[in-house]
Student: 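Just passing along the structure, written as structure tokens.
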2 protein chains.
Amino acid sequence: MNRSTQALFEARARIVKALAHPTRLFIVDRLSKESTCVCELTRLVGADMSTVSKHLSVLKSAGIVSDEKRGLQVFYRLKTPCILNFFSCVEGVLKANASEQASLVR
Amino acid sequence: MNRSTQALFEARARIVKALAHPTRLFIVDRLSKESTCVCELTRLVGADMSTVSKHLSVLKSAGIVSDEKRGLQVFYRLKTPCILNFFSCVEGVLKANASEQASLVR
DNA sequence: TGCCTAATTGGCACTATAGCCAAATAGACA
DNA sequence: TGTCTATTTGGCTATAGTGCCAATTAGGCA
């Protein structure tokens, strides 16, 4: 693997890594429905606000979400809805895995 | 977030995590072109074979690839080509990020 | 100005992941 | 059977990610 190939896959991996956490996937799912403030996301996730804020900053640095201040609150929105297509694929993998498991038991 | 929602997003995260490494993305990219033995992947990646083998086992446990023994060699293939759609989205994120960077300099 | 709320940042402990080497396993084939 | 090759597994160290608490920042509002 040469240097530029490596750089390409590292760049891709940074994006994928930003998504590789259940809480962040939950946040992306929620933001795909409507843009939401940190306080509301904190309530929905049920973790410390500092934790949620750090997850959001991971998503933001990857360029997946953007933020906007409205009064005291900061609202986040999904910049890249195409990520949702990926989730349907992930869902497909999960189903395939499940039916494979099932066939082993059958 | 209730228990079953949590379980759902954890399951999804397991799949995404399995992809969240440059070497594994490279392997998936390669396997999308043709099924390949570990020895060839090792050569292409340029790491220790044990390292590549462990990456492959991560992808396999996630249900993303499958393996088949042919003589002395083990060939891996991509089980879930829909993952490639995701990469085009990731590429889109990268391009968007790049043009945002560019506009800051402009 | 001073206080209140929303959010971010720093710091720390804990856990998970990565990659190498060495050892073990599994076939092929003389 | 014994040896060779391809692959996997164990074990270790180093590095990265997570989540909480505490402290800080930033804006709204009396």
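Below, chain A is the first sequence line, B the second, and so on; all start at residue 1.
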Student: Do the side chains of M49(A) and C39(A) get nearer than 4.5 Å, heavy atoms only?
Tutor: yes
Student: How many Å lie between CD on Q73(A) and P on dT5(C), as a whole number?
Tutor: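 Distance check: Q73(A) CD to dT5(C) P gives 13 Å.
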Student: Determine the contact category for F75(A): base if any of its heavy atoms lies under 4.0 Å from a base atom, sugar-phosphate if only primed atoms, P, OP1 or OP2 are that close, otherwise nothing.
Tutor: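 Counting heavy atoms under 4.0 Å across all strands, no contact is made by F75(A).
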Student: Check nucleotides 10-16 of chain C for protein N or O atoms closer than 3.5 Å to its own N or O atoms and list the pairs.
Tutor:
{"unit_1": "dG10(C)", "atom_1": "O6", "unit_2": "K54(A)", "atom_2": "NZ", "d": "3.1"}
{"unit_1": "dG11(C)", "atom_1": "O6", "unit_2": "K54(A)", "atom_2": "NZ", "d": "2.5"}

Student: Hey, is the side chain of H55(B) poking within less than 4.0 Å of OP1 or OP2 on dT17(C), counting only N and O atoms?
Tutor: no
Student: Are L31(B) and V58(B) linked, directly or through intermediate hydrophobic residues, by side-chain heavy-atom contacts shorter than 4.5 Å (ILVMFWY only)?
Tutor: no
Student: Using a heavy-atom distance cut-off of less than 4.0 Å, which residues of residues 20-44 of chain A contact DNA chain D?
Tutor: H21(A), R24(A)
Student: Want to settle it: does R70(A) or V58(A) sit nearer the 5' end of DNA chain D, counting the closest nucleotide to each?
Tutor: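 Upstream on the strand: V58(A).
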Student: Nucleotide range of DNA chain D contacted by chain B, 5' to 3', under 4.0 Å to a heavy atom?
Tutor: dT5(D) to dG11(D)
Student: Within the distance-only criterion (no hydrogens, no angle test), does the side chain of S57(B) pair as donor or acceptor with the backbone N or O of K54(B) below 3.5 angstrom?
Tutor: yes
Student: For a quick test of reading the model: is some side-chain N or O of Y76(A) closer than 4.0 Å to OP1 or OP2 of dT8(C)?
Tutor: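 Result: yes.
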Student: Just to confirm, is there a sub-4.0 Å distance from OP1 or OP2 of dG19(C) to any side-chain nitrogen or oxygen of T51(B)?
Tutor: no
Student: Return the value, rounded to whole Å, for the distance between atom CD of E68(A) and atom C1' of dA6(C).
Tutor: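 That distance rounds to 15 Å.
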Student: Send over the distance from L59(B) CG to dT17(C) P, rounded to a whole Å.
Tutor: 14 Å
Student: In whole Å, I'd like the distance from the CG atom of L72(A) to the P atom of dA6(C).
Tutor: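 Roughly 7 Å, once rounded to whole Å.
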Student: Any non-hydrogen side-chain atom of T42(A) less than 4.5 Å from a side-chain atom of L44(A)?
Tutor: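 T42(A) vs L44(A): side chains apart.
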Student: Backbone N or O of A18(B) within a donor-acceptor pair of the R24(B) side chain at under 3.5 Å?
Tutor: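 Looks like yes, one N/O pair under 3.5 Å.
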Student: Looking at every heavy atom in both S35(A) and R77(A), which two are closest together, and how far apart are they?
Tutor: CB-CB, 3.6 Å
Student: If you round to the nearest 0.5 Å, how far is CG of L59(B) from CG of L25(B)?
Tutor: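 Nearest 0.5 Å value for the CG-CG distance: 8.5 Å.
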Student: I need the minimum non-hydrogen distance between L72(A) and K69(A), along with the two atoms involved.
Tutor: O-CE, 4.0 Å
Student: State, with a plain yes or no, whether a side-chain heavy atom of V65(B) is found less than 4.5 Å away from one of K79(B).
Tutor: no
Student: Which word best sums up how the rings of H21(A) and H55(A) line up, parallel for under 30°, tilted for 30 to 60°, or perpendicular for over 60°?
Tutor: tilted
Student: Do the rings of F86(A) and F86(B) sit parallel, tilted or perpendicular, given the 30° and 60° boundaries?
Tutor: parallel
Student: What integer distance in Å separates D48(B):CG from dC21(C):P?
Tutor: 6 Å
